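Worksheet: the structure to be examined is printed underneath.
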Number of protein chains: 2
Amino acid sequence: MSTIIVLGAGMVGSAMALDLAKKHTVTVADLSENALAGLKRKNPKIQTVALDARNSGLLKSTLAPFDMVVCAVPGFMGFQTLKTIIESGKNVVDISFFPEDVFELNELAKQHGVTAITDCGVAPGMDNIILGYYNAKMKLTDFECLVGGLPKVKKWPFNYKAPFSPVDVIEEYTRPARYVENSQVITKPAMSDIEHVEMKGVGTLESFNSDGLRSIIHTMPHIPNMKEKTLRYPGHIEKVLALRDSGFLSKQPVKINGVDVIPLEFTSKILFSEWKLGETEEEITVMRVTVQGTDMGVEKKITYHLFDEYDAATQTSSMARTTGYTATAAVNLFLEGLFNEKGVFPPELVGKHEPCFHFFLNYLKERNVIYKKEEVILSKVAAAAKAN
Amino acid sequence: MSTIIVLGAGMVGSAMALDLAKKHTVTVADLSENALAGLKRKNPKIQTVALDARNSGLLKSTLAPFDMVVCAVPGFMGFQTLKTIIESGKNVVDISFFPEDVFELNELAKQHGVTAITDCGVAPGMDNIILGYYNAKMKLTDFECLVGGLPKVKKWPFNYKAPFSPVDVIEEYTRPARYVENSQVITKPAMSDIEHVEMKGVGTLESFNSDGLRSIIHTMPHIPNMKEKTLRYPGHIEKVLALRDSGFLSKQPVKINGVDVIPLEFTSKILFSEWKLGETEEEITVMRVTVQGTDMGVEKKITYHLFDEYDAATQTSSMARTTGYTATAAVNLFLEGLFNEKGVFPPELVGKHEPCFHFFLNYLKERNVIYKKEEVILSKVAAAAKAN
């Protein structure tokens with residue numbers, strides 16, 4: 001049993017705190033007293049502390065007594081918060097998904113003897129772990145991750161509710177998307193290359209480019225083809241593109257009754273209401289992670305399928321479960337001594353170790369987050385085709 | 001030759017002034033010196049006067065010397081302007097398409113011995129004239145008008161450019177639509193009952209309910225089925241509905257950085273840029289007016305088809321030609337003594353007279369605005385079907 005502090009009492013932070021509290025002594029810090037009170041109602045043994053993590057001095061003194069930190073602050077303050085945690089000499093699992101390059105903190109982490117496991121959610125997170133594992137076993141040529149958090153009930157016109165902040169979703173829709181093709185990093189506009197995909201248990205979805213490869217562009221430079229695409233119900237993305245292409249996502253202000261209004265801010269506000277997932281509104285997480293390459297001379301394609309649903313019994317969203325339990329798996333894995341390297345580690349650098357990989361899958365399985373593996377021998381398939 | 005003043009030097013006002021100046025002495029009044037200067041460049045014989053028609057006293061003194069007035073001011077100031085014109089004792093043709101009930105001015109017009117022909121454009125306008133004519137000849141059961149002003153080139157996402165003010169188009173998209181079914185006035189939301197329609201020379205368009213019946217709800221109470229629908233290229237209206245149904249057309253303010261912004265105003269501003277027809281951008285007007293009923297015991301369906309295009313030679317938009325030349329036809333028809341009743345007359349009350357009806361069609365034909373008539377004998381068709 002360890003003492004752990006979770007920074008952030010949002011949907012995922014709360015789910016993590018409740019999960020960790022089954023085994024550890026848990027404190028949660030957040031700016032919102034309301035969020036903290038809600039969490040305390042669910043488990044009174046959890047300690048809470050009102051804290052603005054942007055105050056580095058206060059953050060350091062708050063962290064001092066704890067064995068370990070879980071960082072689940074909003075993305076815009078993630079990098080600075082993680083830096084302060086590392087400077088405090090605390091081991092940490094981070095799911096704040098900040099835009100900055102995490103490897104800038106690698107030397108700092110080594111200096112302070114800290115283990116920082118970052119981007120440790122569902123995607124980024126579990127897709128990296130799967131990739132890291134098979135990259136260590138096989139010579140990979142292809143990696144693909146298709147992932148989406150979707151409402152169970154589709155409401156016209158957008159057929160979408162955001163299982164995390166709608167503002168972050170819109171940000172994702174405006175950021176150029178990078179993927180790797182023939183060992184070249186290609187940058188395309190967000191929401192490009194729309195394709196239909198059949199997903200088990202859901203039906204036809206639309207996939208499109210999003211900027212989700214993150215660390216693996218740097219850690220897996222030898223894999224020639226890598227891409228990450230976001231999944232949405234059909235029709236959603238066309239309407240977002242219509243908004244973008246008619247100026248609703250522009251950052252150039254327009255004058256409304258003499259006042260400058262930035263279209264992106266206005267549109268984010270309108271879509272926030274439209275896309276806000278209700279607290280007990282059922283949602284699902286669908287993901288398909290595919291790696292392809294040769295395993296001792298045999299060409300294989302290995303796919304992991306995730307179809308996960310809102311848990312009505314505990315009122316825990318699928319996004320909180322699939323993201324949060326990957327992070328709490330990392331916490332327990334570290335505390336059990338399965339991984340003890342010092343520095344900054346995106347999940348592919350943890351998942352590459354066989355015991356770690358299985359620890360993640362088992363930990364998630366115990367919490368009913370189930371990844372189904374499918375393996376296809378491609379060279380045998382090709383031979384069979386020839387025989388016909 | 002008469003002296004005529006045109007109020008409004010917009011796209012349609014200018015086209016009317018140029019047309020009337022072929023035969024009459026024409027003055028144009030507008031608030032915009034720029035618009036007036038542009039018109040003077042096209043025909044230096046046209047007199048111009050800068051005028052805010054909302055100033056009733058000034059308007060009256062400006063009108064005093066003229067034989068006749070053409071009113072083409074923006075809709076929001078149309079009713080008051082028409083009232084002032086009538087009070088000045090001036091005969092008038094009006095195409096300001098204001099929302100108020102024009103018959104409120106009927107007594108006033110009679111008192112002042114004024115003839116006011118109102119709503120005298122393409123639709124409302126020519127559809128009323130066709131209806132009025134056949135209503136006088138036949139016992140009608142059905143009237144339908146499908147009409148749209150469309151850009152020749154379709155640009156994603158909206159496939160639309162507004163041949164008049166985009167703000168008025170959006171207003172039309174928020175106003176409940178009335179039609180008559182089985183002699184009942186039915187009110188439906190704007191943009192309801194979307195249907196595909198094949199239009200000659202254009203292909204498949206989408207039609208939807210709009211509030212275009214206006215005066216004929218009152219003047220034709222004996223016709224059991226009457227409807228007016230707007231035409232757009234496929235895909236347009238779904239995107240407008242998506243905006244409406246996610247709150248972009250709401251009149252409830254939202255706070256953006258502490259400032260109240262009304263979504264409808266913001267969206268109008270964005271769509272104004274997106275929908276603004278370029279000055280020499282080619283557009284078309286498509287209309288199909290159908291009347292059905294019995295003509296001396298024979299059941300007939302009579303359809304008038306209009307497919308009109310931008311005139312590159314004179315740089316006159318199709319909407320200005322089809323709307324403006326209907327109004328200038330009314331001016332000349334009145335000046336030639338074909339119609340001399342006193343009061344307020346929507347076009348169905350003018351078109352009902354055989355010489356007036358033919359005057360309109362011929363006047364428009366001379367200006368290459370051509371209505372093609374198609375007549376189907378329905379009772380003979382039914383008899384033939386029986387014989388088979």
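Quantities reported herein were computed from a predicted structural model and do not represent experimental measurements. Here is the naming used below: chain letters follow the sequence lines, and residue numbers restart at 1 for every chain.
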Could you tell me which non-hydrogen atom of [X] sits nearest to which non-hydrogen atom of [Y], and how far apart they are?
X	Y	answer
B:P157	A:D245	CD-CB, 4.2 Å
A:A242	B:K239	CB-CD, 3.6 Å
A:P263	B:I270	CG-CD1, 3.9 Å

Contact origin within B:W275 toward chain A - heavy atom pairs under 4.5 Å: neither
With chain B as the partner, which of A:V254, A:V259, A:I256 has the greatest number of non-hydrogen pairs under 4.5 Å? A:I256
Quick one: of A:V261, A:I262, A:L241, who has the most non-hydrogen atom pairs under 4.5 Å with chain B? A:L241
Working to the nearest 0.5 angstrom, can you tell me the gap between B:K269 NZ and A:K255 NZ? 8.5 Å
Nearest 0.5 Å please: distance from the CD atom of B:E238 over to the CH2 atom of A:W156. 5.5 Å
Verify the neighbour count for atom CD of A:E33: are there more than 12 heavy atoms of other residues, nucleotides or ligands below 6.0 Å? no
Less than 4.5 Å apart, any side-chain heavy atom of A:F248 and any of B:L271? yes
Contacting region of A:L243 [heavy-atom separation from chain B under 4.5 Å]: side chain
Could you look at A:T267 and say if it's the side chain, the backbone, both or neither that has a heavy atom under 4.5 Å from chain B? both
